[in-house]
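The structure appears below as structure tokens.
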Amino acid sequence: MNQIFEIDQSLAGERVDTAIARLLGISRSAAAELCEAGGARVGKKTLGKSDRVNLADLLEVQPPKPAQELKVVATPVDELLVIYQDDDLVIVDKPAGVVAHPTVGYEGPTVAGALLARGIQLSTSGAQERQGIVQRLDVGTSGLMMLAKSELAYSRLKQAFRDRTVNKIYHAIIQGHPDPMEGTFDAPLGRHPKAEFKFAVMEDGKPSVTHYKVLELFSAVALCEVNLETGRTHQIRVHFSAFKHPLLGDTMYGADPTLAKKLGIDRQWLHAKELGFTHPITGKQMHFVSEYPKDLAEVLVKLRA
């Protein structure tokens with residue numbers, strides 16, 4: 001049943017998501033998602049998250065659904081490679097088709113579940129379904145991913161990512177030829193206003209910076225090295241798409257499905273190639289490199305032929 005609140009002086013003039021967050025005792029991001037789902041109204045008008053509430057408004061709110069309980073389930077994933085581990089962290093080479101951790105609506109294998117199946121215990125810091133997760137890769141992105149095993153490593157690695165001291169190098173094949181051949185995308189990203197699982201360049205989004213340079217040119221596409229300064233969800237995919245160069249195979253963000261089919265790729269051509277960081281406990285400089293998986297390598301063979 002919807003709840004109705006009369007806006008008093010303490011909330012008058014606030015953004016709708018801020019007002020709902022305070023009224024329901026939920027996070028502002030959860031309140032924003034509620035608005036995006038059409039769950040806030042005054043009279044017959046459905047409100048957006050950035051609209052303002054006025055004194056004496058009768059704000060009708062559809063309460064958020066109870067959160068689905070997410071648990072890590074031990075599930076063997078033979079293709080997932082553990083390339084390094086010690087008492088504090090583990091580095092894996094993740095295949096496409098595996099998510100970092102359990103999410104609502106997804107029932108496939110997870111990195112956390114694959115490690116649990118091998119008896120590798122992660123840090124207990126973080127939400128239950130995200131324990132040990134200090135970095136995530138999209139389900140359709142392959143390559144290097146780091147997880148924490150000790151609590152101190154978790155804390156320090158999370159801070160390292162916040163401080164942008166972790167060097168994350170990706171390789172991507174994009175459609176077209178970018179001009180210039182080396183540059184930076186500096187455009188804030190937020191949730192897409194009309195598609196729940198997509199992101200977009202948004203004026204009120206989070207700061208997002210992507211550096212790129214072309215490594216190899218082909219007739220209709222280009223192989224690029226990408227260095228992430230920030231780590232937003234779908235960042236590389238959204239930035240290249242927004243600047244008219246979607247990743248090969250990334251039909252969610254505007255890639256040409258005919259070209260993808262011709263080259264035999266059914267996911268975005270994106271691989272987490274290198275990972276460099278300072279070990280959170282020993283202080284040692286660490287650097288790892290991952291080779292392209294078979295499906296991505298075969299596309300390059302076709303292009304070079």
Side-chain angles (χ1 to χ4, degrees), residues 2 14-42 45-53 59-68 70 99-108 110 126-127 129-130 133-141 158 161-162 164 168 170 172 184-210 226 228-247 249-255 267-268 270 272:
N2 290 359
E14 292 283 5
R15 285 171 50 116
V16 173
D17 53 0
T18 300
I20 291 175
R22 290 170 59 183
L23 289 166
L24 297 184
I26 61 178
S27 69
R28 183 167 163 179
S29 60
E33 290 178 7
L34 186 151
C35 294
E36 289 167 2
R41 303 171 63 89
V42 169
K45 181 184 178 182
T46 300
L47 302 178
K49 64 181 181 180
S50 58
D51 289 335
R52 303 281 174 171
V53 291
L59 176 63
E60 183 179 352
V61 179
Q62 180 179 339
K65 297 178 181 179
Q68 177 181 331
L70 299 172
V99 297
H101 55 76
T103 57
V104 175
Y106 181 83
E107 298 180 353
T110 68
E129 76 278 6
R130 301 187 185 190
I133 304 291
V134 296
Q135 170 201 14
R136 290 180 292 175
L137 296 180
D138 293 346
V139 62
T141 301
K158 290 289 284 185
F161 278 100
R162 284 192 290 267
R164 305 177 185 180
K168 299 166 289 183
Y170 293 73
T184 296
F185 300 132
D186 186 350
L189 301 182
R191 285 197 177 275
H192 196 288
K194 297 181 180 179
E196 182 179 358
F197 298 107
K198 292 177 65 175
F199 290 78
V201 172
M202 306 286 289
E203 186 176 344
D204 61 349
K206 295 179 179 179
S208 306
V209 180
T210 302
V226 184
L228 285 185
E229 186 171 320
T230 54
R232 310 302 180 197
T233 303
H234 296 184
Q235 179 173 321
I236 295 172
R237 301 165 63 189
V238 176
H239 269 166
F240 275 104
S241 175
F243 290 90
K244 312 304 181 185
H245 295 287
L247 271 57
D250 193 4
T251 53
M252 176 185 287
Y253 286 107
R267 64 172 172 110
Q268 66 264 19
L270 179 61

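Residue numbers count from 1 along this sequence. A quick note: this is a predicted structure, and the numbers were derived from the prediction, not measured.
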Is there a side-chain contact between [X] and [Y], using heavy atoms and a 4.5 Å cut-off?
X    : Y    : value
R130 : R136 : yes
Y253 : H234 : yes
V134 : F161 : yes
R232 : P207 : yes
V226 : F240 : yes

[X]: which residues meet the side chain to side chain contact (heavy atoms under 4.5 Å, CB included) condition with it, sequence neighbours left out?
X    : answer
A200 : H192, M202
V61  : F5, I20, L24, L34, L59
R22  : S10, L11, E14, T18
V209 : T184, D186, H211, E229

Would you give the length of the straight line joining atom [atom1] of [X] to atom [atom2] of [Y], rounded to the nearest 0.5 angstrom?
X    : Y    : atom1 : atom2 : answer
I133 : T110 : CD1   : OG1   : 8.0 Å
I236 : Q268 : CD1   : CD    : 9.5 Å
T230 : K206 : OG1   : NZ    : 10.5 Å
T46  : Q62  : OG1   : CD    : 10.5 Å

side-chain hydrogen bond (donor to acceptor under 3.5 Å, both in side chains) involving [X] - partner list, sequence neighbours excluded:
X    : value
T210 : Q235, H239
S50  : none
N2   : E60
T251 : none

How would you list, by chain and number, every residue that makes a ring pair (Phe, Tyr, Trp, His ring centres under 6.0 Å) with H245, sequence neighbours excluded?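 Not a single residue meets the ring pair (Phe, Tyr, Trp, His ring centres under 6.0 Å) criterion with H245.
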Does Y170 have any ring pair (Phe, Tyr, Trp, His ring centres under 6.0 Å) partners at least two apart in sequence or in another chain, and if so, which?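 Y170 satisfies ring pair (Phe, Tyr, Trp, His ring centres under 6.0 Å) with no residue once adjacent residues are dropped.
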Exercise: identify the closest heavy-atom pair between C35 and A40: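 The answer is SG-CB, 4.2 Å.
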Which heavy atom in G254 sits nearest to a heavy atom in P246, and how many Å separate them?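 Reported closest heavy-atom pair: O-CG, 3.7 Å.
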Could you list all the salt bridge (Lys or Arg N to Asp or Glu O under 4.0 Å) pairs where at least one residue sits in residues 25-37, not counting sequence neighbours?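 Passing the test, one end in residues 25-37: D17-R28, E33-R191, E36-K49.
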Pairwise salt bridge (Lys or Arg N to Asp or Glu O under 4.0 Å) hits with a residue in residues 238-247, at least two apart: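 For residues 238-247, and leaving out neighbouring residues, there are no salt bridge (Lys or Arg N to Asp or Glu O under 4.0 Å) pairs at all.
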Would you please classify the geometry between the F185 ring and the F243 ring as parallel, tilted or perpendicular, with 30° and 60° separating the classes?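 Ring orientation, 0 to 90° scale: parallel.
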